[in-house]
Q: 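Below is a structure I'd like to ask you about.
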Amino acid sequence: MQKSYIWSLPTRVFHALFVIFILLTFLSAQEDQWLNIHAVIGYAVLILVLFRICWGFFGPKYSLFKDFPLGKTNIKDFFNHIFEEKLKYVGHNPLASYVMISMFVVAILAIITGVLAFGIQEGKGILSFLNSSFFKKMELFGEIHEFFSSLFIALIVAHVGGVLVDRFLHKKQETLNSIVTGYKLTSENESIKLNIYQKMFSLLMFIFFIGFIIFNIYNPKNILVASKYEATDYKTQNELFVNECASCHTLYPSQSNAKKIMGINYV
């Protein structure tokens, strides 16, 4: 047995960032005041998924979708040899392949429905124009978003469960360790190597991802989370009402209502 370099650095960095930001999406969804942060994190996850999809078409071997052993024959073969110690699948096994593809699809659907719910129900983000009197009370997309989020959790459980089972049945192959180190124990040298184009693409995508995070930190009210409603400066519009009544009244009326309530004419 020898160590083979199976998972490249970009693949491992993607995996680590994907885990972190998926965790952040669920944490940020717990409080309404974190909704804008939740939306930004969702967009960050979308960038990661798009990178992985591109990586699946022109990345290194074992990260390519065409290397995924899909199909009934491979699944049947996998179960027939599941207890053998010999490493049959250097990259992903058939079940892991289906789970990974499902995770990418469900993640995209969760993000799309999240953007729709954010725009329709909250009047925020790039689809805030959908927050009309007809659409804004619709909770359909919010419910669909929650459904896909729950489905994604189920896929995470399946993925983690598969890793633990593989760890128990094929401990010598160091599959779990390979997620961090990139190396697996194989009977022959199966190492991969990145070409210059793969290195440049992964570097540019990483820079873009970090730039996206920095941009949102320094510009928290950008188009991705901006509200269609402008904040009302009640002190400017109703200065007399604010000065005389604000200590007791927390809801400020419009300028015309303030005049009627107080019986005062002012400019």
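Along the sequence shown, residues carry numbers from 1. Model, not experiment: these values are computed from the prediction.
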Q: Among L35, I41, V40, exactly one meets side-chain contact (heavy atoms from CB on, under 4.5 Å) together with I37. Which residue is that?
A: I41
Q: Counting only heavy atoms not in E188 (residues, nucleotides, ligands), do more than 12 fall under 6.0 Å from its CD?
A: no
Q: Considering residues at least two apart in sequence or located in another chain, which fulfil the side chain to side chain donor-acceptor pair (under 3.5 Å) criterion with E190?
A: Y62
Q: Working to the nearest 0.5 angstrom, can you tell me the gap between I213 CD1 and I217 CD1?
A: 7.0 Å
Q: Determine, using the 4.5 Å side-chain heavy-atom cutoff (strictly less than), whether V99 and L64 are members of one ILVMFWY cluster.
A: no
Q: Give me each pair satisfying salt bridge (charged side-chain N to carboxylate O under 4.0 Å, His left out) with a member in residues 12-40, each pair once, sequence neighbours excluded.
A: none
Q: Identify, with sequence neighbours excluded, every residue that meets ring pair (Phe, Tyr, Trp, His ring centres under 6.0 Å) alongside F57.
A: F65
Q: Any side-chain heavy-atom pair from I214 and Y218 closer than 4.5 angstrom?
A: yes
Q: Mind checking what makes side chain to side chain donor-acceptor pair (under 3.5 Å) contact with K61, not counting sequence neighbours?
A: D67
Q: Under a 4.5 Å cut-off applied to non-hydrogen side-chain atoms, are P69 and S97 in contact?
A: yes
Q: Please list, chain by chain and in numerical order, all residues satisfying ring pair (Phe, Tyr, Trp, His ring centres under 6.0 Å) with F215, sequence neighbours excluded.
A: none
Q: How close do A226 and K221 get, heavy atom to heavy atom, and via which atoms?
A: CB-O, 3.8 Å
Q: For residues N131 and G119, report the shortest heavy-atom separation together with the two atoms involved.
A: CB-O, 3.3 Å
Q: Indicate if L48 and I210 have the same hydrophobic cluster label, given that clusters are the connected sets of ILVMFWY residues with side-chain heavy-atom separations under 4.5 angstrom.
A: yes
Q: Would you please name every residue forming a side chain to side chain donor-acceptor pair (under 3.5 Å) with S8, sequence neighbours left out?
A: T11
Q: Taking only residues two or more places apart in sequence, or in another chain, which ones meet F118 in a ring pair (Phe, Tyr, Trp, His ring centres under 6.0 Å)?
A: none
Q: Would you check if V160 and L164 make a side-chain contact, meaning some heavy-atom pair closer than 4.5 Å?
A: yes
Q: Who pairs with F18 by ring pair (Phe, Tyr, Trp, His ring centres under 6.0 Å), at least two apart in sequence or on another chain?
A: F14
Q: Test of understanding: clusters of I, L, V, M, F, W, Y form through side-chain heavy atoms closer than 4.5 Å, transitively. Do Y98 and F79 belong to the same one?
A: yes
Q: Could you pull out the closest heavy-atom pair between A96 and N93, with the gap in Å?
A: N-OD1, 2.8 Å
Q: Could you measure the distance from the OG1 atom of T186 to the CD1 atom of I6? Nearest 0.5 Å is fine.
A: 6.0 Å
Q: Would you check if P10 and L194 make a side-chain contact, meaning some heavy-atom pair closer than 4.5 Å?
A: yes
Q: Are the side chains of W55 and S202 in contact, using a 4.5 Å heavy-atom criterion?
A: yes
Q: Looking at every non-hydrogen atom in both residues, tell me the closest pair between N36 and V225 and how far apart they are.
A: O-CG1, 3.7 Å
Q: Rounded to the nearest 0.5 Å, what's the gap from CZ on F68 to CD1 on I101? Could you check?
A: 6.0 Å
Q: Just by distance, do the side chain of K184 and the backbone of Y5 share a donor-acceptor pair under 3.5 Å?
A: no
Q: So if you build clusters from Ile, Leu, Val, Met, Phe, Trp, Tyr with side-chain heavy-atom gaps below 4.5 Å, do M200 and F208 land together?
A: no
Q: Residues in side chain to side chain donor-acceptor pair (under 3.5 Å) with N74, at least two apart?
A: none
Q: Would you check if the side chain of Q198 reaches a backbone N or O of F58 as a donor-acceptor pair within less than 3.5 Å?
A: yes
Q: Sub-3.5 Å donor-acceptor pair from the side chain of K124 to the main-chain atoms of I223, do we have one?
A: no
Q: Using a 4.5 Å cut-off on heavy atoms from C-beta on, say whether the side chain of R52 contacts that of S63.
A: yes
Q: Does anything in residues 19-42 pair up under ring-ring contact (aromatic ring centres under 6.0 Å, His included), and if so which pairs, sequence neighbours excluded?
A: F21-F209
Q: Are the side chain of N222 and the backbone of N219 linked by a donor-acceptor contact shorter than 3.5 Å?
A: yes
Q: Considering non-hydrogen atoms only, spot the tightest contact between N189 and Q2 and give its length.
A: N-NE2, 3.2 Å
Q: Evaluate the side-chain contact (heavy atoms from CB on, under 4.5 Å) criterion for residues I120 and L127: first the C-alpha distance (whole Å), next the side-chain angles of each, then the deciding distance (0.1 Å), finally the verdict.
A: CA-CA 7 Å; I120 292 172; L127 298 181; over 6 Å; no
Q: Give a yes or no on whether L9 and L203 share a hydrophobic cluster (residues Ile, Leu, Val, Met, Phe, Trp, Tyr; joining criterion: side-chain heavy atoms under 4.5 Å apart).
A: no
Q: Out of curiosity, Y183 OH to S4 OG, how far, rounded to the nearest 0.5 Å?
A: 9.5 Å
Q: Within the distance-only criterion (no hydrogens, no angle test), does the side chain of Y43 pair as donor or acceptor with the backbone N or O of F212 below 3.5 angstrom?
A: no
Q: Please determine whether ring-ring contact (aromatic ring centres under 6.0 Å, His included) holds for the pair F51 and F201, giving the CA-CA distance in whole Å, both sets of side-chain angles, and the decisive distance to 0.1 Å.
A: CA-CA 9 Å; F51 162 77; F201 173 74; 5.8 Å; yes
Q: List the residues meeting side-chain contact (heavy atoms from CB on, under 4.5 Å) with V19, not counting sequence neighbours, and say none if there are none.
A: H15
Q: Please table the atom pairs, donor to acceptor, closer than 3.5 Å between any side-chain atom in residues 104-114 and protein atoms at least two apart or in another chain.
A:
unit_1: T113; atom_1: OG1; unit_2: L109; atom_2: O; d: 2.8
unit_1: T113; atom_1: OG1; unit_2: A110; atom_2: O; d: 3.0

Q: Looking only at non-hydrogen atoms, find the nearest pair between N216 and L224 and report the distance.
A: OD1-CD1, 4.3 Å
